[in-house]
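Here the structure is a predicted model, which is why all the values come from computation and not from measurement. In this chain, residues are counted from 1 in sequence order.
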Amino acid sequence: DGTFDGTTLLFDLMPGSASSNPQVVHTNGRYTFFVADHPQFGRELCRTSAVVGDLLCVDSWSGPLATGDPQVLATHDFVTYFAAADGQRGREVWYLAEGSNEVGVIDLVASASSYPQLPLLLTDGIEMVAWDATRKSWSVYRLAYGQALLETSLWRGEADNRADFS
C-alpha cells in the first residue's frame, strides 16, 4: 500500500549491508520481473509473485561474477521473452514459461549475437528486430510459443550492426 507499516521485505538477496541493486523492469499482471545482483548468479533476471518465498532467478551466464545483463522484451501467452548474454552464443532471446518455469534460449543466428530489441506485442505473438550477421541486415522476427520465425530483412549493410532503435 506504499506506507511504512504496509511494506514487507520479500527477499534479501544480499544479506548484510550489501545491496542487490534491484531494478523492476516488467510486470505482466501475475509476476514482477526485476534485474538484481545475486550472490550465486551475478546480475540476472528474477521473478516474483510478491508472495514471501516465491522467487525464481534465471542464471543465463553461469557464475557469481558473470552477468547476462538481461532486459525484458515482452510477455505473450504466459511466456516472458527477454534478451540476455550467456558467454557462448552472445546476446540472444531467452524465454521463461510461467506454468512449468521452463527456461530456454532462442539462438536466432548461430555463432553471432543478434542484439534483440524493439519488441511489438501482437495478439498472436511478438515481433522484434534483431541483427542477422549471416545476412548482414537487421531483420524482423516473430516470436511465439518459444520459437522464432524470420519475417523479413529491414536493410542490408556493413555499417553499425548495433543500431539504436530506442
Side-chain angles (χ1 to χ4, degrees), residues 20-38 40-48 55-166:
S20 62
N21 298 308
Q23 295 175 325
V24 173
V25 293
H26 181 70
T27 301
N28 70 5
R30 183 173 175 193
Y31 293 104
T32 298
F33 296 84
F34 61 97
V35 176
D37 295 325
H38 190 284
Q40 182 180 353
F41 306 126
R43 189 154 188 83
E44 297 291 358
L45 182 73
C46 299
R47 180 192 78 188
T48 182
L55 176 70
L56 174 69
C57 292
V58 177
D59 190 14
S60 62
W61 194 325
S62 295
L65 300 177
T67 176
D69 189 30
Q71 297 171 330
V72 172
L73 297 174
T75 297
H76 178 263
D77 202 23
F78 304 104
V79 178
T80 297
Y81 297 91
F82 60 100
D86 68 358
Q88 297 172 13
R89 289 176 280 253
R91 190 163 193 76
E92 294 297 340
V93 177
W94 289 67
Y95 63 90
L96 173 58
E98 281 189 24
S100 65
N101 291 335
E102 174 190 357
V103 176
V105 63
I106 303 170
D107 195 355
L108 297 176
V109 181
S111 75
S113 290
S114 63
Y115 305 102
Q117 34 189 314
L118 197 68
L120 176 63
L121 184 58
L122 306 170
T123 56
D124 60 343
I126 297 169
E127 285 192 350
M128 48 153 269
V129 175
W131 177 249
D132 186 333
T134 305
R135 292 180 174 84
K136 294 188 177 9
S137 69
W138 286 96
S139 298
V140 176
Y141 290 87
R142 177 174 288 260
L143 304 176
Y145 312 108
Q147 298 180 3
L149 301 171
L150 175 65
E151 292 283 306
T152 184
S153 291
L154 296 177
W155 70 81
R156 297 188 178 278
E158 298 278 346
D160 182 9
N161 68 342
R162 286 180 262 175
D164 184 6
F165 287 97
S166 54

Point-to-point distance, once rounded to the nearest 0.5 Å, from CH2 of Trp131 to OG of Ser139
8.5 Å

Of all heavy-atom pairs linking Asp107 and Arg89, the shortest is OD2-CD, 3.2 Å

Here the pair of heavy atoms bringing Trp94 nearest to Ala84 is NE1-O, 3.3 Å

Do you see a donor-acceptor pair shorter than 3.5 Å between the side chains of Thr80 and His26?
no

Smallest separation among heavy atoms of Gly68 and Trp61, with atom names
N-CB, 3.9 Å

Is any side-chain heavy atom of Tyr81 closer than 4.5 Å to one of Ile106?
yes

Hey, are the side chains of Leu55 and Cys46 touching, using non-hydrogen atoms and a 4.5 Å cut-off?
yes

Spacing of CG belonging to Leu96 relative to OH belonging to Tyr31, to within rounding of 0.5 Å
8.5 Å

Does the side chain of Asp86 reach to within under 4.5 Å of the side chain of Glu92, using non-hydrogen atoms?
no

Could you measure the distance from the CG atom of Asp37 to the CD atom of Gln23? Nearest 0.5 Å is fine.
9.0 Å

In this structure, CZ of Arg47 is separated from CG of Asn101 (nearest 0.5 Å) by 4.5 Å

Might you point out which heavy atoms bring Phe34 and Pro22 nearest each other, and give the distance in Å?
CD1-CB, 4.1 Å

Between Arg43 (side chain) and Asn21 (backbone), is there a donor-acceptor pair under 3.5 Å?
yes

Met128 side, atom CE; Leu143 side, atom CG - distance, nearest 0.5 Å
5.5 Å

To check you understand the geometry: which heavy-atom pair defines the closest contact between Val129 and Trp138, and what is its length?
CG1-CE3, 3.5 Å

State, to 0.1 Å, how close Ala74 and Ile126 come at their nearest heavy-atom pair, and which atoms those are.
CB-CD1, 3.6 Å

Do side-chain atoms of Ser60 reach the backbone of Ala85 as a donor and acceptor pair under 3.5 angstrom?
yes

Given side chains that start at C-beta, do those of Val58 and Glu44 come closer than 4.5 Å, heavy atoms only?
no

Side-chain donor-acceptor pair present, Arg91, Gln117, cut-off under 3.5 Å
no

Within-4.5 Å side-chain heavy-atom neighbours: Arg30 and Thr75
no

